[in-house]
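The block underneath contains the structure these notes are about, expressed in structure tokens.
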Amino acid sequence: MTDVKQRTVLVVPFDGIQSLDATGPMEVFAGASRSPGVSYDLRTASLDGGPVRSTCGLTLVPDSSLADAPAPHTLLVPGGQGTRGSHPELTGWLREHGPRAERLVSVCTGALLLAEAGLLDGHLVTTHWNYCERLARDYPAVRVDPEPIFVRDGRLATSAGVTAGIDLALALVEEDHGRDLALDIARHLVVFLRRPGNQAQFSAQLSARTARREPLREVQHWITQRPDADLGVDALAARARLSPRHFARAFRAETGTTPGRYVERVRLEHARRLLEDTADGVERIARASGYGTPEAMRRAFVKTLATAPAEYRRRFRTPASSA
């Protein structure tokens, strides 16, 4: 009989923790451990071993102090309001023990603690969208990508806010034990195993600001409703009754992105939804999403998601659309 490899997952709670940042990933690993041949040893340890209070008022009782914690395979640092300010004792422990873990993980603003410990320097990371600017400003040696829901960079894995920690944990289980097990856990938790790490934290409509002026807001709405239309700058400027140059400048000033970039993201999201939720052919989806040809859509998917439409559909299509 083959020995089961046990992976110790150590979660580090603290006062002001966002409880779901810890319990979400722990439920994923616990669910995996109920399968034959899979073993995650889940441990929690606070700085002094005492109880900690989460932002929602839930009190968590750790297994031990950090000094008495076992050496982990996966060291997971959650986020929450408690990450604000300086934490010399906690970050000192992370600085010493973080490099020893085979896998170093942060959820949400837990990335701020890893950055304070100097463990993110030179790495590509993400965090909650509302803290990406602060992370980049306070720790210029860290490469911050505000877009994805999680990022893998070698042994380091960082995720965006709250539920993105569940997505990341599912990805880690898939890495350790295969997609079938991760899919079983996702079904048990009633979540979709369909969000790749490089999926944006927000849709194009949410990530871009809503324009103040009505003509520009109408153009934003038109783009989302008609991704298959002529969405070149000249056509969009005509709808806004502005010159192309004035339109492009005003659109960027009011939304924070260029018209072309906004159109690209809307079309990509539209194509992804059709691939996930319908049985339509790739050629039809390409036309409906404004790409014109399957090859143009394929290039957009590879550029942004690092995967082709057919592979994206295979991985993320909903059960109903597969029937």
Side-chain angles (χ1 to χ4, degrees), residues 126 129-130 132-133 144-151 160 164 194-313 315-318 321:
T126 196
W129 64 270
N130 202 35
C132 284
E133 184 177 345
V144 181
D145 187 345
E147 295 288 338
I149 59 172
F150 63 82
V151 170
R194 58 190 286 189
R195 298 209 292 175
N198 48 8
Q199 179 169 319
Q201 294 191 35
F202 286 109
S203 67
Q205 296 95 308
L206 290 177
S207 61
R209 297 189 297 268
T210 300
R212 296 188 304 274
R213 286 183 278 178
E214 178 59 31
L216 296 179
R217 288 202 304 272
E218 193 279 331
V219 167
Q220 284 183 286
H221 180 71
W222 170 259
I223 292 170
T224 60
Q225 295 299 308
R226 295 291 304 275
D228 59 337
D230 177 4
L231 300 180
V233 169
D234 288 349
L236 296 176
R239 291 195 66 83
R241 297 180 177 83
L242 298 171
S243 71
R245 185 175 180 180
H246 185 192
F247 168 76
R249 186 167 56 244
F251 190 94
R252 182 166 191 171
E254 295 200 18
T255 68
T257 189
T258 65
R261 177 62 176 150
Y262 188 82
V263 168
E264 287 176 3
R265 295 187 66 174
V266 166
R267 283 176 167 164
L268 187 70
E269 288 169 16
H270 186 264
R272 278 177 32 214
R273 285 196 299 272
L274 292 178
L275 287 168
E276 294 170 3
D277 299 332
T278 77
D280 292 350
V282 171
E283 186 171 352
R284 182 174 180 178
I285 291 174
R287 289 198 305 270
S289 303
Y291 290 110
T293 68
E295 176 58 25
M297 186 170 77
R298 189 194 69 82
R299 288 196 299 268
F301 268 67
V302 170
K303 176 184 176 182
T304 307
L305 301 176
T307 189
E311 174 62 15
Y312 182 92
R313 165 170 272 175
R315 296 195 59 181
F316 305 114
R317 183 163 51 180
T318 60
S321 65

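Note that this is a predicted model, so its numbers are computed, not measured.
When side chains are defined from C-beta on, I149 does not count as touching T126, because their heavy atoms never get closer than 4.5 Å. Put simply, the side chain of T278 reaches to within 4.5 Å of the side chain of I285, judged on heavy atoms. Put simply, the side chain of H221 does not reach to within 4.5 Å of the side chain of E218, judged on heavy atoms. The side-chain heavy atoms of T307 and V302, taken from C-beta on, include no pair separated by under 4.5 Å.
The shortest heavy-atom contact between L231 and L236 is O-CD1, 3.3 Å. Nearest approach of L268 to T304, heavy atoms of both residues: CD2-CG2, 3.5 Å. Between V151 and P148 the shortest heavy-atom distance is CG2-CG, 3.7 Å. The nearest pair of heavy atoms linking L274 to A288 is CD1-CB, 4.1 Å. Of all the heavy atoms in A240 and P215, the pair that sits closest is O-CB, 3.9 Å. For M297 against A286, the heavy-atom pair with the smallest separation is SD-CA, 3.8 Å.
Side-chain N/O atoms of Y312 and R272 include a donor and acceptor closer than 3.5 Å.
No more than 12 heavy-atom neighbours from other residues, nucleotides or ligands sit within 6.0 angstrom of CD on E133. The number of heavy-atom neighbours closer than 6.0 Å to CD of E283, taken from other residues, nucleotides and ligands shown, is 12 or below. At most 12 heavy atoms of other shown residues, nucleotides or ligands fall within 6.0 angstrom of atom CZ in R252. In this structure, R249 places its CZ atom where more than 12 heavy-atom neighbours from other residues, nucleotides or ligands lie under 6.0 Å away.
Rounding to the nearest 0.5 Å places OG1 of T255 at 4.0 Å from CZ of F251. Distance OG/S289 to NE2/H270: 5.0 Å, rounded to 0.5 Å. E147 CD to W129 CH2: the interatomic distance, rounded to the nearest 0.5 Å, is 12.5 Å. Within the model, atoms CZ of F247 and CG of D234 stand 10.0 Å from one another, a figure rounded to the nearest 0.5 Å. To the nearest 0.5 angstrom, R217 atom CZ is 10.0 Å from R212 atom CZ. To the nearest 0.5 angstrom, T224 atom OG1 is 14.0 Å from R265 atom CZ.
Screening R226, Q220, Q225 for a side chain to side chain contact (heavy atoms under 4.5 Å, CB included) involving W222 leaves a single residue, R226.
A salt bridge links E295 with R298: the closest approach of a Lys/Arg side-chain nitrogen to an acidic carboxylate oxygen falls below 4.0 angstrom. Look at R313 and E276 and you find no salt bridge, because none of the NZ, NE, NH1 or NH2 atoms lies under 4.0 Å from a carboxylate O.
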Test side chain to side chain contact (heavy atoms under 4.5 Å, CB included) on R273 and E269 and set out the steps. CA-CA 6 Å; R273 285 196 299 272; E269 288 169 16; 3.9 Å; yes
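Between the side chain of D280 and the backbone N or O of V282 there is no donor-acceptor pair closer than 3.5 Å.
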